[in-house]
There are 2 protein chains.
Amino acid sequence: MEKVDRRVKRTHRLLGEALIALALEKSYDDVTIRDITERADVAYITFFRHYQDKNDLLTKLLQEMLDELERLTHEDNRATEGLLIFQHVQQYAAMYQMVLSSESTLPVRRRIRDSIAAHLIAVCTPLRNVADEMDVPLEIIAHHKAASLLALIEWWLEHNMPYPLERMAEIYNRLILDSVMHLIC
Amino acid sequence: MEKVDRRVKRTHRLLGEALIALALEKSYDDVTIRDITERADVAYITFFRHYQDKNDLLTKLLQEMLDELERLTHEDNRATEGLLIFQHVQQYAAMYQMVLSSESTLPVRRRIRDSIAAHLIAVCTPLRNVADEMDVPLEIIAHHKAASLLALIEWWLEHNMPYPLERMAEIYNRLILDSVMHLIC
DNA sequence: TATCTTTTGATAGTCAGTATAACATAAGTA
DNA sequence: TACTTATGTTATACTGACTATCAAAAGATA
């Protein structure tokens with residue numbers, strides 16, 4: 001645990017808070033770096049002393065959020081997986097909305113998708129028998145599951161969460177988990 | 001059938017060809033409007049006399065391509081649906097790659113997705129019995145199918161089409177169509 | 001072919017937003 | 001207190017989108 005200069009810590013916090021607040025007011029894409037530094041009461045140039053660009057800041061903000069989800073779903077109690085995911089999404093709804101609705105966050109969205117897919121591959125590879133030539137490749141199944149989950153989350157958020165998270169978890173189980181499991185086992 | 005000035009027709013063609021050629025050389029996002037007009041040997045300002053911005057040009061290029069797909073899948077012979085789709089994607093691979101891999105085409109991607117979803121809803125609504133409260137809502141199923149299809153296409157293109165289109169059609173049937181049909185009927 | 005209409009081109013300029021340099025000052029650390 | 005590091009100020013370069021104006025060229029029409 002290295003000590004970080006209090007000023008650095010404060011700058012990071014101020015810039016992060018400013019970005020989130022501004023992205024909620026207008027849209028992520030419309031937020032300029034000047035907006036962020038002015039809202040944070042920080043010099044413009046200071047932004048570039050800490051981050052390469054706006055996406056870099058967003059990515060770092062997202063990191064711990066995703067780590068937390070990773071920790072939650074790692075225990076992998078298949079019965080509650082959907083519940084945990086949608087609880088988490090509801091908790092960080094603003095952040096997810098930001099990532100899923102803005103034009104310029106494709107790399108971030110890709111990283112989320114790929115990490116979900118990689119997780120499934122890691123879990124399933126040892127379980128799977130010798131690959132049948134006729135089977136759907138595991139890599140494609142994993143990609144499909146990850147993309148479907150993100151699409152479901154996106155739908156929920158874009159429609160302002162019309163169903164409670166418990167219902168979404170159930171839908172997730174039927175729509176995605178069941179059909180994926182059917183193909184794997 | 002209205003007559004279009006030959007100059008207009010020529011300008012449209014030149015700008016469209018230039019965008020596609022340039023997007024293949026670098027990436028769509030890195031292509032500037034000045035690039036396009038220079039490649040097309042057309043005055044910079046002329047671009048704005050025809051299109052609002054780069055995405056507007058792309059959208060109009062995409063339109064007829066999608067109309068063609070719509071026509072093909074409208075007859076909806078479920079057995080050959082996957083085959084038709086992946087034939088079409090292979091034929092227009094460059095365009096699909098452009099749309100699916102660039103950061104700034106989220107609106108275009110959304111439109112494709114939503115039109116696929118709308119089609120499924122139109123086809124299935126009359127077939128479906130009174131909605132069971134426990135069922136997965138048709139709207140979500142449609143959104144899921146559209147997003148999954150796009151994800152599968154994306155995977156195929158990003159990995160440089162490692163399987164022939166016939167195999168992809170088969171995967172599409174098992175991974176997406178079967179599970180969706182299972183939930184609808 | 002002559003006339004009229006529309007499109008195009010050249011030029012110059014505005015604007016927003018990103019990014020960097022140099023030096024002075026303030027805040028934190030030990 | 002002395003030293004180190006982060007921050008602020010100011011000025012500047014640069015890219016790319018977008019517009020205005022006026023002259024010239026190409027096409028449509030009769």
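Below, chains carry the letters A, B, ... as their sequence lines are ordered, and counting in each starts from 1.
- Spacing between atom CD1 of Ile36(B) and atom P of dG16(D) amounts to 12 Å, rounded to whole angstrom units.
- With sequence neighbours left out, the side chain to side chain contact (heavy atoms under 4.5 Å, CB included) criterion links Pro107(A) to Glu103(B).
- Note on Thr46(A): a side-chain N or O is less than 4.0 Å away from OP1 or OP2 of dG8(D).
- Between Asp29(B) atom CG and dA17(D) atom P there is a gap of 12 Å when expressed in whole angstrom units.
- The interatomic distance linking Asp53(A) (CG) with dT15(D) (P) rounds to 18 Å, in whole Å.
- Put simply, CZ on Arg34(A) is 12 Å from C1' on dT10(D), counting in whole angstrom units.
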Would you give me the side-chain donor-acceptor pairs under 3.5 Å for residues 138-151 of chain B, sequence neighbours excluded?
residue: Glu139(B); atom: OE2; partner: His159(A); partner atom: NE2; Å: 3.3
residue: Lys145(B); atom: NZ; partner: Glu81(B); partner atom: OE2; Å: 3.2
residue: Ser148(B); atom: OG; partner: Ser148(A); partner atom: OG; Å: 3.3
residue: Ser148(B); atom: OG; partner: His144(B); partner atom: O; Å: 2.7

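- Nucleic acid contact for Ile45(A): base, since at least one base atom lies under 4.0 Å from a heavy atom of the residue.
- For DNA chain C, the span of nucleotides reached by chain A at under 4.0 Å from its heavy atoms goes, 5' to 3', from dG17(C) to dT29(C).
- Rounded to a whole Å, the NZ atom of Lys3(B) is 20 Å from the P atom of dA26(D).
- Sequence neighbours left out, the pairs with a member in residues 153-162 of chain B that pass salt bridge (charged side-chain N to carboxylate O under 4.0 Å, His left out) are Arg110(A)-Glu154(B), Arg110(A)-Glu158(B), Arg113(A)-Glu154(B), Arg113(A)-Glu158(B).
- Contact annotation: the side chain of Val8(B) approaches that of His50(B) to within less than 4.5 Å [non-hydrogen atoms, C-beta and beyond].
- Residues passing the ring pair (Phe, Tyr, Trp, His ring centres under 6.0 Å) test with Phe86(A) are Trp156(A), sequence neighbours excluded.
- Atom pair Phe48(A):CZ and dT7(D):C1' shows a separation of 15 Å (rounding to whole Å applied).
- The separation between Arg10(A) atom CZ and dT5(D) atom C1' is 13 Å, rounded to whole Å.
- In this structure, the nucleotide among dG8(D), dC18(D), dG27(D) sitting nearest to the side chain of Arg7(B) is dG27(D).
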Distance-only criterion, 3.5 Å: show the donor-acceptor pairs between side-chain atoms of residues 59-66 of chain B and protein atoms not counting sequence neighbours.
residue: Thr59(B); atom: OG1; partner: Asn55(B); partner atom: O; Å: 2.7
residue: Lys60(B); atom: NZ; partner: Asp56(B); partner atom: OD1; Å: 3.4
residue: Lys60(B); atom: NZ; partner: Asp56(B); partner atom: OD2; Å: 3.3
residue: Gln63(B); atom: NE2; partner: Asp67(B); partner atom: OD1; Å: 3.3

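- Taking the nucleotide of DNA chain D with the nearest heavy atom to each of Asp41(A) and Gln52(B), the more 5' of the two is matched to Asp41(A).
- Relative orientation of the Tyr51(B) and His12(B) rings is tilted, given thresholds of 30° and 60° on the angle between their planes.
- Between Tyr44(B) and Val4(B), the residue anchored nearer the 5' end of DNA chain D, judged by the nucleotide with its closest heavy atom, is Tyr44(B).
- Across the protein-nucleic acid pair, Lys54(B) atom NZ and dC18(D) atom C1' stand 15 Å apart, rounded to whole Å.
- Backbone-only engagement by Arg6(A) is indicated by non-hydrogen atom pairs under 4.0 Å involving sugar-phosphate atoms exclusively.
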